[in-house]
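Any value given below was found using the heavy atoms of this structure, including those in side chains, with hydrogens, waters and symmetry copies removed.
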Amino acid sequence: MSFLYAILFLSFSLFLCVLLKNRKVRRLPPGPWQLPFVGYLPWIDEEKPHETLTKLARIYGPVCGLRMGSVYTVLLSDPRLIKQTFGKDAFTGRAPLYLTHGVMQGYGLVCAEGERWRDQRKFVSNCLRNFGMVRHEGPRREKMEKRILDAAGECVSVLEKRAANGPMDPLDTLHHCMGNLINSIVFGKTYEEDEQVWKWLRHLQEEGVKQIGVAGPLNFLPFLRFLPRYGRTIRSIVDGKEKTHEIYRGILDQHRARITEFAETIEKANTTESFLAAFDEQMRKRNATESGYYTEPQLYHLLADLFGAGTDTTLTTLRWFLLFMAAYPVEQEKVQAEMDRCLKGREQQAPTLNDRTAMPLLEAAIAEVQRLRSVTPLGIPHGTSEDTRIGDYDIPRGAMIVPMQWAVHTDPVYWQDPLEFRPDRFLTEDGRFFKPESFLPFQTGKRVCVGEELARMILFLFAGRILGAFVVSVPPDEAVDLEGECGITLVPKPHRLTFLRRNV
């Protein structure tokens, strides 16, 4: 009997050795101690989550793993590794968050993944090129440039009128003028500043950005929506989405009525100078069985993404730019001196896109603002569509991958004196503008911001037009607050600036 037990023991031991040898041992990235179920959420500062996670990245290295509620999360803080990772198909998904999957249901572009995302990104990219988002001179770019310059000119006129009464918060003026520019591109229409629908849409966008940030824990612990505090937040987001879609439906009906009215005029009927018109044209060309991703629910979510992303990030960057120019008057004087030299003899102090190479300091000042006050300090998180690897580490399917823009942009390894505002760090020795590898304001990889070039055009022309017209300063006896408030984006706190007309 003892011999039989020995044989059984040896057989079991051999089986166990083979099993362990063939078993794939998962090597996850290093990370902090955390609690079961909630993970590291209790230690994340709700007001400054980017700072909490940056501290973890500094401690555990460029690839840091932790659990945020039900979602396994990987923090990436090495720019080269971020580019390598986000260039792979396995990382083009969206993390399984309640906002992207539960509220937005994977519609639109920001929350889409898989074939829907690929199809809609191609559609958006083609539209932007047709509208004039191209780097080289030509009729299409000139048309887009005129749209931007008209909006920037209106902005300067309104600022001059309102600044005559003393220091002011430029937010309403900037939001109306830049928002209306995006309205024309996305919807093919604009609003008067005091129209109730437009006032409500602007208010909804400002509040929505904050609410989505506050709703952070809901993304990882969806059951919280049944608690009163978080339930009110979710209802507000959902109600805002539904009301917005009703407005979009009305704009679509108006567009279709115009198409019907001018059906005999081919030129007018086929004009697609907005995303809404181009998308509707695709819906009309396809029948119900061939519509694919060209449906009204997809349209409404896509329009919201394009308007929100197009307005919020660019508007916020411009607000930070003016605030930093006011806080650093010497740097402002340098930029304006460069502009004066370049624009000498012109009727207006208004740069054009052709002036970008001749105004490297203006581009550098904008870039330094984007670095020091990353509008999306945690980037836009990606998700893994399969089990994969980052460097030497195993990354499970369904993980959330966070490109730590704030950590990269404030890392002394890549930037000397990273917390100082120094635009000349973006200039070569011979004075040309250049972008270091560690500069990632529009993210990178397959999901890089599809409207990057348009955003750069808008920022250059708006910033140049405003600084060409005004000396921007902080009112006497008022402190400058450069900390900001963090929701889904990092925005300046309410502030006042003085706009004094320049005599050039």
Side-chain angles (χ1 to χ4, degrees), residues 32-53 56 66-73 94-108 110-112 171 175 196-197 199-249 297 300-301 303-305 307-309 311-312 316 375-381 383 398-400 402 483-494:
W33 180 87
Q34 49 210 305
L35 293 172
F37 191 61
V38 296
Y40 199 75
L41 285 177
W43 289 278
I44 295 177
D45 186 340
E46 288 190 20
E47 294 185 358
K48 298 179 180 179
H50 52 290
E51 294 187 3
T52 301
L53 298 181
L56 292 181
L66 64 151
R67 281 208 161 269
M68 298 178 68
S70 60
V71 180
Y72 183 72
T73 303
R94 283 299 187 221
L97 306 180
Y98 183 69
L99 180 67
T100 59
H101 289 62
V103 177
M104 301 306 174
Q105 300 175 320
Y107 283 114
V110 175
C111 298
L171 173 58
H175 199 170
Q196 288 303 311
V197 169
K199 289 172 69 174
W200 183 83
L201 286 172
R202 297 201 310 268
H203 171 75
L204 182 69
Q205 184 196 359
E206 292 172 11
E207 291 302 310
V209 167
K210 297 175 186 177
Q211 288 176 332
I212 290 173
V214 171
L218 281 166
N219 277 323
F220 312 105
L221 301 171
F223 72 89
L224 291 175
R225 68 186 185 277
F226 298 113
L227 300 179
R229 172 191 170 189
Y230 293 105
R232 286 191 295 271
T233 301
I234 284 295
R235 281 194 299 274
S236 176
I237 293 173
V238 173
D239 288 347
K241 184 185 85 165
E242 291 176 351
K243 291 177 182 176
T244 301
H245 288 188
E246 287 179 14
I247 293 172
Y248 295 169
R249 190 174 296 111
Y300 302 143
H301 285 84
L303 294 176
D305 282 351
F307 174 78
T311 303
D312 184 55
T316 300
V375 173
T376 52
L378 298 178
I380 304 296
M400 178 170 71
V402 180
E483 287 300 310
E485 298 174 325
C486 193
I488 194 171
T489 54
L490 181 64
V491 301
K493 294 178 182 178

**Q** Going by heavy atoms in the side chains, are His245 and Leu303 under 4.5 Å from each other?
**A** no

**Q** Compare all side-chain heavy atoms of Ile380 with those of Arg94 and state whether any distance is below 4.5 angstrom.
**A** yes

**Q** Look only at the side chain of Gln34 and the backbone of Leu66, and say whether a donor-acceptor pair between them is shorter than 3.5 Å.
**A** no

**Q** Can you give me the closest heavy-atom contact between Cys111 and Asp305, atom names plus distance?
**A** N-OD2, 4.3 Å

**Q** Which label fits Tyr300 and Tyr248: parallel for a plane angle under 30°, tilted from 30 to 60°, or perpendicular past 60°?
**A** tilted

**Q** Not counting sequence neighbours, which residues clear ring-ring contact (aromatic ring centres under 6.0 Å, His included) with Trp200? List them please.
**A** none

**Q** The criterion is ring-ring contact (aromatic ring centres under 6.0 Å, His included); which residues satisfy it with His50, sequence neighbours excluded?
**A** Trp406

**Q** Between Trp43 and Leu35, does the side chain to side chain contact (heavy atoms under 4.5 Å, CB included) criterion hold? Intermediate values first, please.
**A** CA-CA 10 Å; Trp43 289 278; Leu35 293 172; 3.6 Å; yes

**Q** How close do Gly108 and His301 get, heavy atom to heavy atom, and via which atoms?
**A** N-CB, 3.6 Å

**Q** Keeping Ser70 on the side-chain end and Phe220 on the backbone end, is there a donor-acceptor pair under 3.5 Å?
**A** yes

**Q** According to salt bridge (charged side-chain N to carboxylate O under 4.0 Å, His left out), who are the partners of Lys241, at least two apart in sequence or on a separate chain?
**A** none

**Q** Show the nearest heavy-atom pair for residues Thr52 and Ile44, with the distance to one decimal.
**A** CG2-CA, 3.8 Å

**Q** Can you confirm whether Thr73 sits close enough to Val402 that some side-chain heavy atom of one is under 4.5 Å from a side-chain heavy atom of the other?
**A** yes

**Q** Rounded to the nearest 0.5 Å, how far apart are CE of Met68 and CG of Asn219?
**A** 8.5 Å

**Q** Is the backbone N or O of Arg232 less than 3.5 Å from a side-chain atom of Ser236, with the two atoms forming a donor-acceptor pair by type?
**A** no

**Q** So, for Leu221 and Gly69, which heavy atoms are closest and what is the spacing to 0.1 Å?
**A** CD2-CA, 3.8 Å

**Q** When rounded to the nearest 0.5 angstrom, what is the spacing between CG in Leu204 and CG in Leu201?
**A** 7.0 Å

**Q** Which value, rounded to the nearest 0.5 Å, describes the distance between Leu378 atom CG and Leu53 atom CG?
**A** 5.5 Å

**Q** Are side-chain heavy atoms of Val71 and Tyr98 found at a separation under 4.5 Å?
**A** no

